[in-house]
Each structure stands twice: as structure tokens, then as C-alpha cells.
Number of protein chains: 2
Amino acid sequence: MGANRLDEIDRKILAELQDDGRMTNVELARRVGISAPPCLRRVRTLEEAGYIRGYHADVNPRELGFEVQVFAMVGLHSQAEVDLSAFEQRCRDWPFVRECHMLNGEIDFILKCVAPDLSSFQTFLTEELTSAPNVASVKTSLVIRCAKDKPGVPFDVLEERLGRSA
Amino acid sequence: MGANRLDEIDRKILAELQDDGRMTNVELARRVGISAPPCLRRVRTLEEAGYIRGYHADVNPRELGFEVQVFAMVGLHSQAEVDLSAFEQRCRDWPFVRECHMLNGEIDFILKCVAPDLSSFQTFLTEELTSAPNVASVKTSLVIRCAKDKPGVPFDVLEERLGRSA
DNA sequence: GCGAGCGCGAAATATTATTGCGCATCCGGA
DNA sequence: TCCGGATGCGCAATAATATTTCGCGCTCGC
């Protein structure tokens with residue numbers, strides 16, 4: 001469900017705004033082939049319906065002095081819901097942790113972290129993360145380089161699938 | 001380097017646009033405490049200097065029919081630069097792969113993937129990823145739920161650090 | 001202390017966002 | 001077949017915003 005309620009213009013709007021979220025409505029309307037007022041109405045509707053959760057500038061961490069990016073794989077002692085939630089809340093409170101995903105399998109959580117330098121990350125790792133309640137194991141991997149970092153979803157795949165089923 | 005060249009207003013601009021990338025320049029100027037023209041000039045400068053790499057709508061994958069998110073940990077046979085680059089290029093070509101990070105340690109790459117359903121991901125996994133040249137091992141973990149997903153960097157940490165050093 | 005460079009803000013103008021409204025189209029029922 | 005009702009478009013008008021221009025004050029190096 002969800003994507004079926006959207007027509008081709010809506011999907012094009014989402015694709016364009018995912019690619020350039022600060023595009024003017026006039027330009028957006030031109031690209032999707034309708035006039036500005038209905039285009040803006042569609043955008044508002046998509047926002048209110050939750051298809052668009054927000055807009056964010058993509059800032060460059062290195063330029064801003066965040067030299068270190070790390071993935072941390074975390075295992076917990078207890079997987080009771082109370083304990084899972086407690087750990088998630090800690091992650092929300094830690095500024096270096098940018099993403100926290102609960103996983104299946106042997107790893108319980110994967111965290112994407114960012115830090116100004118290795119030493120400040122080490123301090124966070126030993127004094128905060130590893131020593132947090134219920135944390136059983138933490139494996140970390142430094143990001144050497146990033147080959148791809150696309151936001152959201154591949155709209156071209158969506159079009160293909162809808163095209164076949166339509 | 002980098003963040004030092006920015007004054008407090010620049011950093012506030014980046015923080016605000018990271019939080020809401022579609023804010024009008026008038027509103028942004030009001031929040032950072034200067035008038036609209038210099039505010040817009042600063043934004044343009046930040047964009048051109050690479051502090052801002054772009055703007056993106058944050059779309060909701062589930063609403064759009066992408067029910068499955070997966071982290072894939074990939075090991076390669078050869079870590080020669082040619083082979084690393086070749087694998088990275090494949091990742092760029094696979095639409096289901098949204099992020100591809102090269103890591104240190106036993107894992108060579110971590111991929112963040114999105115797919116419409118489990119079966120289409122399985123097809124991708126077996127027919128594309130696992131069977132790609134030079135791929136030695138692939139471990140996948142399904143995302144059960146996402147507790148935190150913040151973009152970019154924690155500007156409050158940046159302010160603290162600069163505050164102490166200034 | 002004195003010009004040069006820098007960055008601000010006021011004002012004017014160009015563009016864009018937003019609202020109001022009439023029209024065409026597409027059903028579902030008489 | 002014909003008739004509302006609902007949906008969604010586009011035009012036109014207005015409000016808001018973006019962008020340019022320009023003069024002023026500030027700081028800094030000499």
C-alpha cells in the first residue's frame with residue numbers, strides 16, 4: 001500500500017525533491033509537467049500524508065571537523081523490550097550516534113557514529129558505549145572511504161515495478 | 001581546518017538547514033540574527049565551498065513500498081585498489097544499494113540496502129551481490145526497527161568544542 | 001590615523017508562493 | 001443516457017520571498 005495511491009506525477013515530485021530538496025516550486029512544476037499551484041498542493045499533501053518526512057541540508061562532516069566515521073555493532077545481554085528501549089534511548093541521547101538500527105541475527109544493533117577525531121571517539125566508545133548497562137559486546141569498524149551515499153529510495157525501481165503491474 | 005573558518009553565524013546556518021533544508025531564507029535570517037541578503041550570501045558561499053553538498057527530501061521508504069532494509073557486510077578476495085574500485089562501481093550501479101562504505105578490519109565493505117520485499121532482496125543478494133566477481137563473503141542483517149536516524153553531524157558538539165578552544 | 005577590504009542592512013526589483021475561482025473530466029446512480 | 005458530485009487542473013491576482021544594488025561602518029595592516 002502507499003505507493004499505489006500515488007500517480008506518476010506524485011512519484012516524480014518525490015524523486016525530484018529527494019534529489020534536490022530546495023528546488024523552487026516553479027521549477028518542480030515545470031519538471032513534472034503541471035502548473036505551480038497544483039504542484040504545490042501535491043507537495044503539501046505528500047508532506048501531510050507522511051511520504052515526505054522532512055528536508056535536510058547534506059553537510060560535509062570532514063569540512064566541519066568530523067574526521068572520523070565509525071560503524072559499531074552492538075550485542076546486548078538482554079533482549080527484553082524494556083532493555084531494548086532503554087538502549088535505544090541512550091543512543092538518541094548520544095550526539096556522536098547518528099543512526100541506530102535494531103537488527104536480526106547475532107548483532108542486536110548497528111550504530112553509525114561520527115566524531116571529530118579518533119581519540120574523542122575512543123573516549124566515547126570506552127566510557128559511554130561499551131560501559132553502558134546491558135551492553136555485552138561492541139565491534140567497531142572505521143570508515144576508510146565512502147563509495148556511495150544516496151538518500152532514500154530508488155525511484156527508478158519503483159517506476160519499473162509499477163510499470164509492469166499496470 | 002574547515003570549521004575554523006566559519007563563524008558562529010555560519011555554523012548556525014548549517015545547523016538550521018540540516019534540520020530544515022526548505023526553510024525560507026527570510027526565516028533562516030531571522031533565526032541566525034542577521035538580515036536576509038547577507039544570510040543568502042552566506043548560504044551560497046557555504047554551498048560553493050562544499051560545506052553544503054546538497055538538499056534532499058527525506059522520503060518514507062515504507063510508505064513508498066520499500067518494506068525491507070538490510071545491512072550487508074561484504075568481504076572480498078582481493079583488496080588491490082583496482083578490485084576495490086571495481087566493487088565500488090558495482091555498488092553505485094545497484095539501485096538497492098543506497099550506501100557503500102569501505103571499512104577497516106575483517107569486513108571490507110558495509111552496504112545499506114533497501115528493497116520492496118524480502119524476495120526481491122533475496123534475488124538481488126544471490127544473483128547479484130554474492131555472485132559478483134571478487135566477493136568472498138556476505139553477511140546480511142535485516143533492520144527490525146530504526147531507533148534513530150539523524151542526518152549529518154551534531155552541531156551542538158561542534159559548538160562545545162569551539163567554545164572551549166576559543 | 002588612514003585607505004583597503006569586508007560584511008552588514010535598507011531599498012528596489014525580480015521571482016516565487018499562495019489563494020480564489022471557474023472549468024474540464026471522470027465516475028456512480030437514476 | 002443523463003445528471004450531480006467529487007477531483008484536479010490552470011489562470012489570474014495577491015502576498016511573500018529571493019536577489020541585486022548600493023552606501024555605510026568596522027577592522028586591520030601600515
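It should be emphasised that the depicted structure is a prediction, and the values quoted were computed from it without experimental measurement. Every chain is numbered from 1 and lettered A, B, ... according to where its sequence line falls, protein lines coming before strand lines.
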Lys/Arg-Asp/Glu bridge criterion (N-O < 4.0 Å) met for A:Arg145, B:Glu88: yes
Whether over 12 other heavy atoms sit under 6.0 Å from A:Glu106 CD: no
Other residues, nucleotides, ligands: >12 heavy atoms within 6.0 Å of A:Lys150 NZ: no
N-O pairing of B:Glu99 and A:Lys112 below 4.0 Å: yes
d(CD1, A:Ile9; C1', D:dG8) in whole Å: 10 Å
Close side-chain approach of A:Leu6 and B:Leu64, heavy atoms under 4.5 Å: yes
Gap between atoms CG and P, on B:Asp7 and D:dT27 respectively (whole Å): 15 Å
Value rounded to 0.5 Å, distance of CZ in A:Arg22 from CD1 in B:Ile52: 8.0 Å
Ion pair A:Arg90/A:Glu128, N-O distance below 4.0 Å: no
Ring centers of B:Phe87, B:Phe109 separated by less than 6.0 Å: yes
Start and end of chain A contact along DNA chain C [non-hydrogen atoms, under 4.0 Å]: C:dT16 to C:dT19
Collect all protein-nucleotide pairs involving nucleotides 18-21 of chain D in which both atoms are nitrogen or oxygen and the distance is under 3.5 Å.
from: D:dA18; atom 1: OP1; to: B:Asn25; atom 2: N; distance (Å): 2.7
from: D:dA18; atom 1: OP2; to: B:Asn25; atom 2: N; distance (Å): 3.0
from: D:dA18; atom 1: OP2; to: B:Val26; atom 2: N; distance (Å): 2.8
from: D:dT19; atom 1: OP1; to: B:Arg44; atom 2: NH2; distance (Å): 3.2
from: D:dT19; atom 1: OP2; to: B:Arg44; atom 2: NH2; distance (Å): 2.5

